[in-house]
Amino acid sequence: MTELDKRTHGRKFVRTFFTTPTAEKGVDDSAKKLRSAIGLRGMQAPDVWVPDNEDATAPNMRDEGAENIAEVVAEEGDEFPGEIHPRVVWHRDSPETRYKGFQHMLEIADPENGAVENIDGFVIPEVGDIDDWKKADEFITIVENEHGLEEGSLNMSVIIESGSAELAMGKLRDEMGKASNNLQRLFLLVDGEVDYTKDMRAITPTGGLPEWKELRHNTSRAASAAGLISVDGPYDDIRDVEGYHDRITANNAMGMLGIWSLTPGQVVEANKSPLPPAAGYWILDAGGRTAELEDEDGVQVYSGETVELEEEDGGYELEVAGDEYFFEDEEELVAELLDLLDYVPSMDDIVDSMEEFEAAKEAGQGAIAMTQSATVEIDGVQVDVAQDRMWDEATYQALMTPIKLFKDVYHNRPDQHDDLAELYSEDVVERALEVGN
């Protein structure tokens with residue numbers, strides 16, 4: 001493994017990237033929202049808090065916004081449980097905008113303002129090609145030298161909002177670590193799908209955003225290759241909790257475990273979603289849609305209408321999304337149902353399996369079979385199913401990712417210890433912390 005492949009920052013995972021306006025006009029305290037956000041704790045507090053002195057703040061309030069960031073972080077930054085990364089203005093095509101962002105960084109990082117000890121870095125939006133990334137890095141280096149800070153002490157995160165920025169990610173492995181730059185200060189790669197859509201001149205019939213799955217994949221891949229962390233952009237339908245959860249689930253499957261959060265409610269959802277569930281459950285592929293089975297006294301019950309099952313003389317008739325199948329015996333039916341069923345393991349299940357595999361490995365076994373069984377009920381017909389999964393070292397290492405995430409959260413977020421114990425029980429928490437050591 002090269003040095004670039006290794007995660008080089010204190011946080012190995014970031015689940016939540018929460019932005020807050022830095023100054024608002026016409027209110028008694030223009031920094032009111034900053035004061036509210038920095039007071040968040042537990043599952044409502046993000047892993048990374050971003051006082052947003054760019055899009056979320058009006059242009060004529062940004063000078064005051066930079067002052068507000070310094071003031072609020074100086075007053076309460078010591079107690080904030082996550083990292084603090086202000087977003088400043090920047091634009092690949094505007095020297096004037098870049099200079100303004102530089103001035104704001106100088107203000108925020110000035111030791112005389114008392115905030116810089118709790119400032120972990122800066123978020124740079126609207127970057128272009130790799131030379132533009134180097135300009136931002138150079139400005140941060142100048143800020144550090146101007147204020148007597150150690151070079152590289154301030155991280156840099158960038159928002160991918162253009163085709164040129166997307167292409168630049170492919171050059172990071174060649175550029176990071178060169179003597180001519182401090183790009184090793186890079187921390188997060190954050191997708192900004194709204195401006196990316198504008199830059200790509202994309203059109204959809206509804207005017208909504210494309211999903212940009214390729215962008216998310218490319219960002220996740222670049223982060224993995226360069227030892228960084230990838231974060232998806234904002235999900236602006238803040239009332240659509242299910243849609244937000246589905247987006248997180250899709251992102252997690254491609255290694256993007258972080259997402260932008262616009263409200264404390266989204267922060268809670270994004271903080272919890274990548275973690276294994278407290279209770280395992282069975283799911284059924286109902287004609288291309290996933291249905292979660294309900295546990296009723298130990299029986300896993302499907303209550304939808306897409307899948308139907310009837311026991312007839314001489315066999316079983318199964319209907320899935322209008323397609324009918326007939327099976328002469330239960331063994332054939334079970335084989336078909338196992339193609340439709342899957343089990344989502346709980347934290348306790350994962351820890352149990354890992355402990356069992358570790359014990360088997362210690363005894364000299366390289367692979368063992370794990371069995372998951374259940375009684376499934378569809379339309380009143382009950383069928384016993386069991387699926388086997390072969391565990392070897394590769395399986396074990398793959399399932400270490402959610403455990404590593406949990407450990408990273410536990411280590412970096414002491415304010416969430418009580419939430420985790422309430423979610424999983426103290427016994428499961430203790431065992432999860434021990435497994436894999």
Side-chain angles (χ1 to χ4, degrees), residues 3-4 6-11 22 34 48-54 57 62-75 77-78 80 82-159 165 168-169 171-190 226-229:
E3 287 300 315
L4 283 181
K6 296 179 181 179
R7 301 296 195 258
T8 57
H9 299 279
R11 291 294 314 224
T22 62
L34 288 179
V48 169
W49 176 45
V50 183
D52 187 355
N53 209 40
E54 196 223 12
T57 302
R62 288 172 184 161
D63 289 345
E64 185 172 339
E67 295 172 4
N68 285 345
I69 294 169
E71 179 184 332
V72 171
V73 173
E75 291 173 354
D78 280 342
F80 186 71
E83 295 196 8
I84 303 175
H85 296 253
R87 174 160 71 154
V88 297
V89 293
W90 186 269
H91 201 284
R92 56 195 174 276
D93 297 327
S94 173
E96 181 182 1
T97 303
R98 296 196 294 270
Y99 181 65
K100 179 60 72 173
F102 171 62
Q103 291 178 308
H104 291 160
M105 287 191 285
L106 280 171
E107 171 74 19
I108 295 166
D110 188 341
E112 291 188 5
N113 291 330
V116 71
E117 289 184 2
N118 292 305
I119 297 293
D120 296 282
F122 290 101
V123 177
I124 310 297
E126 298 283 7
V127 290
D129 61 22
I130 197 67
D131 286 339
D132 191 50
W133 297 38
K134 292 178 185 178
K135 291 174 188 173
D137 159 51
E138 182 68 14
F139 274 9
I140 296 175
T141 300
I142 293 171
V143 168
E144 289 167 338
N145 280 274
E146 182 72 18
H147 291 316
L149 307 172
E150 181 183 354
E151 281 194 15
S153 61
L154 293 171
N155 291 337
M156 181 173 89
S157 300
V158 299
I159 305 183
M169 291 191 293
K171 300 179 181 179
L172 289 179
R173 287 178 63 87
D174 294 331
E175 295 293 337
M176 289 174 68
K178 285 184 176 179
S180 58
N181 67 62
N182 285 318
L183 283 177
Q184 61 267 31
R185 71 168 77 248
L186 281 166
F187 177 41
L188 303 177
L189 301 179
V190 185
L228 308 176
I229 296 172

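- For the pair R98 (side chain) and H91 (backbone), a donor-acceptor distance under 3.5 Å is present.
- Between atom CG of residue L183 and atom CE of residue M176 there is a gap of 7.0 Å, rounded to the nearest 0.5 Å.
- N181 and W133 form no side-chain donor-acceptor contact under 3.5 Å, judged by distance and modelled atom types alone.
- A salt bridge does not link D129 with R92: none of the charged nitrogens is closer than 4.0 Å to a carboxylate oxygen.
- Sparse packing is recorded around CD of E117, with 12 or fewer heavy atoms of other residues, nucleotides or ligands lying under 6.0 Å away.
- The aromatic rings of F139 and W90 sit perpendicular, their planes meeting at an angle over 60°, well past the 30° parallel limit.
- For D137 (side chain) and N182 (main-chain N/O), a donor-acceptor pair under 3.5 Å exists by modelled atom type.
- The environment of K134 atom NZ is dense: over 12 non-hydrogen atoms of other residues, nucleotides or ligands sit within 6.0 angstrom.
- For D110 (side chain) and E112 (main-chain N/O), a donor-acceptor pair under 3.5 Å exists by modelled atom type.
- The line from CG of L188 to CG of N155 is 8.0 Å long, rounded to the nearest 0.5 Å.
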Run V127 and I159 through side-chain contact (heavy atoms from CB on, under 4.5 Å) and show every step you take.
CA-CA 7 Å; V127 290; I159 305 183; over 6 Å; no

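- The backbone N or O of V123 sits nowhere less than 3.5 Å from a side-chain atom of R87 that would complete a donor-acceptor pair.
- Side chain of E144 to main chain of S153: a donor-acceptor pair is present (N/O by atom type, distance under 3.5 Å, no hydrogens or angles).
- Put simply, the side chain of N113 never gets that close to the backbone of I108: no donor and acceptor are under 3.5 Å apart.
- Looking at T22 and N68, their side chains never bring a donor and an acceptor atom within 3.5 Å of each other.
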Derivation and outcome, side-chain contact (heavy atoms from CB on, under 4.5 Å), residues E126 and T97
CA-CA 10 Å; E126 298 283 7; T97 303; over 6 Å; no

